[in-house]
Amino acid sequence: MARLKEAYTGKLNVRQYSDTELRSVALSTDDPISLGTMSDQPPRHDEDLEFVAQYTSGETLVCAFGHHHKRGFLLKGEDDLHHLIGKDCAAEHYGLEWDAFVKSVKTSVDRQRSLRWLHEVSQRILDSGEELEAIVKSPSVAAFDALRVTIRGLPGDIYDAFHYSAKELDTWMRSTFCERDLREERRRKEKAYETWQASLKDRDIRSSERNRLKREWEKAEKASVYSRVTKPILRCPARSLFVGGKMALRLGSIHRDLMAQATNLQGSQRWHPDMVARSLSETAKQFDAIIAELTDAVNLFSPDTLDCLKLLFSGEEYHTLIVERLADGLSFEPRRGTAVVLRRPQDLKPLAFSLYDRLRL
C-alpha cells in the first residue's frame with residue numbers, strides 16, 4: 001500500500017440500502033457530474049464522506065486530489081457537495097479505511113446486481129406463463145397421454161416386454177430364436193467319422209457294428225443342428241410411455257410451481273441468486289426433458305424401430321401372436337382373438353421449445 005501523504009480522520013460511509021431500495025437506486029454511472037454539485041476543493045481532513053456511486057467516464061476527469069481518472073467513486077461531503085475520488089489517490093489519503101470502504105461498496109453493488117437478476121429472471125418466467133400453459137394443453141401432449149392408454153391395451157406379453165425392459169438398467173429388449181449351429185454340426189460330423197474310422201481298425205468289433213457306425217456318420221453328414229439363442233434386439237424405445245406418469249400432469253405441476261416461485265421472487269428478497277439459479281436450472285431442464293419424451297414417442301414409430309420391433313416379436317416368446325408390420329405401426333393378433341393395432345397418433349409431434357433457453361440461465 002502507498003505511504004500516506006497526510007492522514008485523514010474523516011469517515012467513509014456506505015449507506016446500507018434495503019433490498020427494496022437496491023432494486024431502483026443507481027450505484028453506477030457514466031456521468032457523475034450530472035448527479036450533483038461538484039466541489040472545487042478536496043474534502044477536509046476531518047470530513048465524513050458518503051458513497052454516492054461508482055463512475056466510469058468516457059472522458060478523463062480530474063479528481064478531488066488533482067489527478068486524472070476515467071474510473072473512480074463519487075462521494076458526498078457534509079455540505080452536500082460531491083467529490084470525485086480516484087482509487088489510487090484515495091488509497092494514499094485514506095489508507096486501510098479505503099480498503100474497507102471499497103469492500104463495502106462491492107458488497108452493495110453485487111447485492112444489487114443479484115436482486116436485479118432475480119427480478120429479471122422471475123419476470124421472464126411470468127412472461128412465459130401463457131406459453132407454458134399452452135404447452136401443457138397442447139394436442140401433442142394429449143396425444144402422448146392417449147398413446148399411454150392405448151399401450152396398456154396391448155397383449156400382456158407385448159406390454160410386459162416393454163414395461164420390464166423400460167425398468168431395467170440396460171433397457172435392452174431380447175427375444176429367443178432357433179438358429180442353425182454350424183460349429184456343433186461340424187463337431188458331430190467329425191466325431192461320427194472318427195468313431196467309424198476307429199472301428200475299421202478294431203478287429204474285435206463285428207461288421208454289423210461297423211455298418212451301424214457308418215450309418216451314424218452318414219446321418220451326421222446330412223443332419224442340421226439348431227440351438228436356442230437369446231439376442232438383444234433394441235433398447236426400449238420411448239421408455240416414459242411405459243414407466244412414466246401422465247405428461248400433462250407432470251408439465252402442469254412444474255408450470256404451477258414455477259409461477260408461484262416467480263411471484264415470490266418478485267416480492268421477496270430472502271433468496272440467494274446462486275441458490276435460485278441452481279433451482280431454476282434444474283427445473284427448466286426437467287421441463288425440457290419431459291418435452292423431449294414427445295420426440296422419443298414419435299421415434300417409436302420410425303421405420304427402423306418398427307422393423308426391429310417386428311423382429312423382436314417374431315421370437316419364440318411370442319409364438320401365440322401374429323405380428324404384422326404396418327406403414328405407421330404394428331398389428332398384434334392372438335391366434336385366437338381380436339387384433340390390437342399400435343399406430344402413431346396423428347397429433348403426436350415434437351415441440352420445438354426449451355424453457356432453459358427461454359430463461360437464459
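- For Arg188, the salt bridge (charged side-chain N to carboxylate O under 4.0 Å, His left out) partners are Glu184, not counting sequence neighbours.
- Between Trp98 and Leu12, some side-chain heavy-atom pair lies under the 4.5 Å cut-off.
- Between Ser165 and Trp172 the shortest side-chain heavy-atom distance does not fall below 4.5 Å.
- In this structure a side-chain-to-backbone donor-acceptor pair under 3.5 Å is present from Thr150 to Ala146.
- Put simply, the side chain of His83 gets close to the backbone of Gln41: a donor and an acceptor are under 3.5 Å apart.
- Of the possible polar contacts, none joining the Ser279 side chain to the Met275 backbone as a donor-acceptor pair under 3.5 Å is found.
- The backbone N or O of Arg148 sits less than 3.5 Å from a side-chain atom of Arg152, completing a donor-acceptor pair.
- Taking 4.0 Å as the cut-off between side-chain N and carboxylate O, Arg215 and Glu218 do not count as a salt-bridged pair.
- Distance check, rounded to the nearest 0.5 Å: CG of Leu300 to CG of Leu330 gives 8.0 Å.
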Which atom pairs, one a donor and one an acceptor, fall under 3.5 Å between side chains of residues 198-207 and the rest of the protein, sequence neighbours left out?
from	atom 1	to	atom 2	distance (Å)
Ser199	OG	Trp196	O	2.5
Asp202	OD1	Asp204	N	3.0

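- Across all non-hydrogen atoms, the minimal contact from Ala53 to Ser28 is CB-N, 4.2 Å.
- No more than 12 heavy atoms of other residues, nucleotides or ligands lie within 6.0 Å of OH in Tyr193, so this atom counts as exposed by the packing criterion.
- Looking only at distances, a side-chain donor or acceptor of Ser138 sits under 3.5 Å from a matching main-chain atom of Ile135.
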For residues 71-80, which side-chain N or O atoms pair as donor and acceptor with protein atoms under 3.5 Å away, sequence neighbours left out?
from	atom 1	to	atom 2	distance (Å)
Glu78	OE1	Arg44	NH2	3.0
Glu78	OE2	Asp48	N	3.0
Asp79	OD1	Leu81	N	3.1

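- Shown here for Phe101 and Asn13, the closest heavy-atom pair between the two residues is CE1-O, 4.1 Å.
- The CZ atom of Phe51 sits 9.0 Å away from atom OG of Ser104, with the distance rounded to the nearest 0.5 Å.
- Counting only distance, with no hydrogens or angles, the side chain of Ser128 and the backbone of Arg124 share a donor-acceptor pair below 3.5 Å.
- In the hydrophobic clustering of this structure, Leu49 groups with Val14; members are Ile, Leu, Val, Met, Phe, Trp, Tyr whose side-chain heavy atoms approach within less than 4.5 Å, directly or through other members.
- Rounding to the nearest 0.5 angstrom, the gap separating the CG atom in Leu182 from the CZ atom in Arg186 is 7.5 Å.
- A heavy-atom distance below 4.5 Å is not found between the side chains of Ile158 and Leu342.
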### Task
Run the numbers on Leu35 and Tyr55 for side-chain contact (heavy atoms from CB on, under 4.5 Å), then give the verdict.
CA-CA 11 Å; Leu35 297 182; Tyr55 73 86; over 6 Å; no
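- Glu133 is not listed as a side-chain neighbour of Met259, based on a closest heavy-atom distance of 4.5 Å or more.
- Across all non-hydrogen atoms, the minimal contact from Ile291 to Leu351 is CG2-O, 3.8 Å.
- Under a 3.5 Å cut-off, the side chain of Arg250 and the backbone N or O of Gly245 do form a donor-acceptor pair.
- Considering all non-hydrogen atoms of both residues, Val62 and Leu84 come closest at O-CD1, 3.9 Å.
- Residues forming a ring pair (Phe, Tyr, Trp, His ring centres under 6.0 Å) with Phe242 (at least two apart in sequence, or on another chain): Phe162.
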### Task
Check the pair Ser331, Val341 against side-chain contact (heavy atoms from CB on, under 4.5 Å), reporting the backbone distance first and the verdict last.
CA-CA 4 Å; Ser331 171; Val341 176; 4.2 Å; yes
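- Between Phe177 and Ser314, some side-chain heavy-atom pair lies under the 4.5 Å cut-off.
- Distance check, rounded to the nearest 0.5 Å: CG of Leu258 to OG1 of Thr263 gives 10.5 Å.
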### Message
Could you walk me through whether Lys11 and Glu50 satisfy the side-chain contact (heavy atoms from CB on, under 4.5 Å) test, starting with their C-alpha distance in whole Å, then the side-chain angles of each, then the deciding distance to 0.1 Å, before giving a yes or no?
### Response
CA-CA 8 Å; Lys11 300 297 182 182; Glu50 180 181 337; over 6 Å; no
Which atom pairs, donor and acceptor, lie under 3.5 Å between side-chain atoms of residues 321-329 and protein residues at least two apart or in another chain?
from	atom 1	to	atom 2	distance (Å)
Arg325	NE	Asp307	OD1	2.9
Arg325	NH2	Pro303	O	3.4
Arg325	NH2	Asp307	OD1	3.3
Asp328	OD1	Arg343	NE	3.1

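- Contact record, Asp31 with Thr29: N-OG1, 3.0 Å, taken as the closest heavy-atom pair.
- The CG atom of Leu132 sits 5.0 Å away from the CZ atom of Phe353 when rounded to the nearest 0.5 Å.
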### Task
Take Leu154 and Ile151, measure what side-chain contact (heavy atoms from CB on, under 4.5 Å) needs, and give me the verdict at the end.
CA-CA 5 Å; Leu154 292 174; Ile151 284 173; 4.2 Å; yes
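- Taking every heavy atom of both residues into account, Gly129 and His255 meet most closely at O-NE2, 3.3 Å.
- Under a 3.5 Å cut-off, the side chain of Glu185 and the backbone N or O of Arg180 do not form any donor-acceptor pair.
- Between the side chain of Thr305 and the main chain of Asn299, a donor-acceptor pair closer than 3.5 Å is present.
- Taking the side chain as every heavy atom from C-beta outward, Phe332 and Tyr318 never approach each other to under 4.5 Å.
- Using a 4.5 Å cut-off on side-chain heavy atoms (C-beta onward), Arg116 and Arg113 make no contact.
- Inter-residue side-chain proximity for Pro32 and Leu61 is flagged as met; some heavy-atom pair is nearer than 4.5 Å.
- Using a 30° and 60° split on the angle between ring planes, Tyr159 and His163 fall in the parallel class, below 30°.
- Lys285 has no carboxylate O lying under 4.0 Å from a charged side-chain N of Asp288, or vice versa, which leaves the two without a salt bridge.
- Crowding of Lys189 atom NZ: a count of heavy atoms from other residues, nucleotides or ligands under 6.0 Å exceeding 12.
- Checked by atom type and distance alone, the side chain of Asp181 never pairs as donor or acceptor with a backbone atom of Val225 at under 3.5 Å.
- Val102 and Val109 fall within the same hydrophobic cluster, where Ile, Leu, Val, Met, Phe, Trp and Tyr residues are linked whenever their side-chain heavy atoms come under 4.5 Å apart, directly or through other members.
- Applying the salt bridge (charged side-chain N to carboxylate O under 4.0 Å, His left out) criterion to Asp170, with sequence neighbours excluded, gives Arg174.
- In this structure, Arg212 CZ and Thr195 OG1 are separated by 9.5 Å, a value rounded to the nearest 0.5 Å.
- By the criterion of side-chain heavy atoms lying less than 4.5 angstrom apart, applied directly or through intervening Ile, Leu, Val, Met, Phe, Trp or Tyr residues, Leu251 is grouped together with Leu355 in one hydrophobic cluster.
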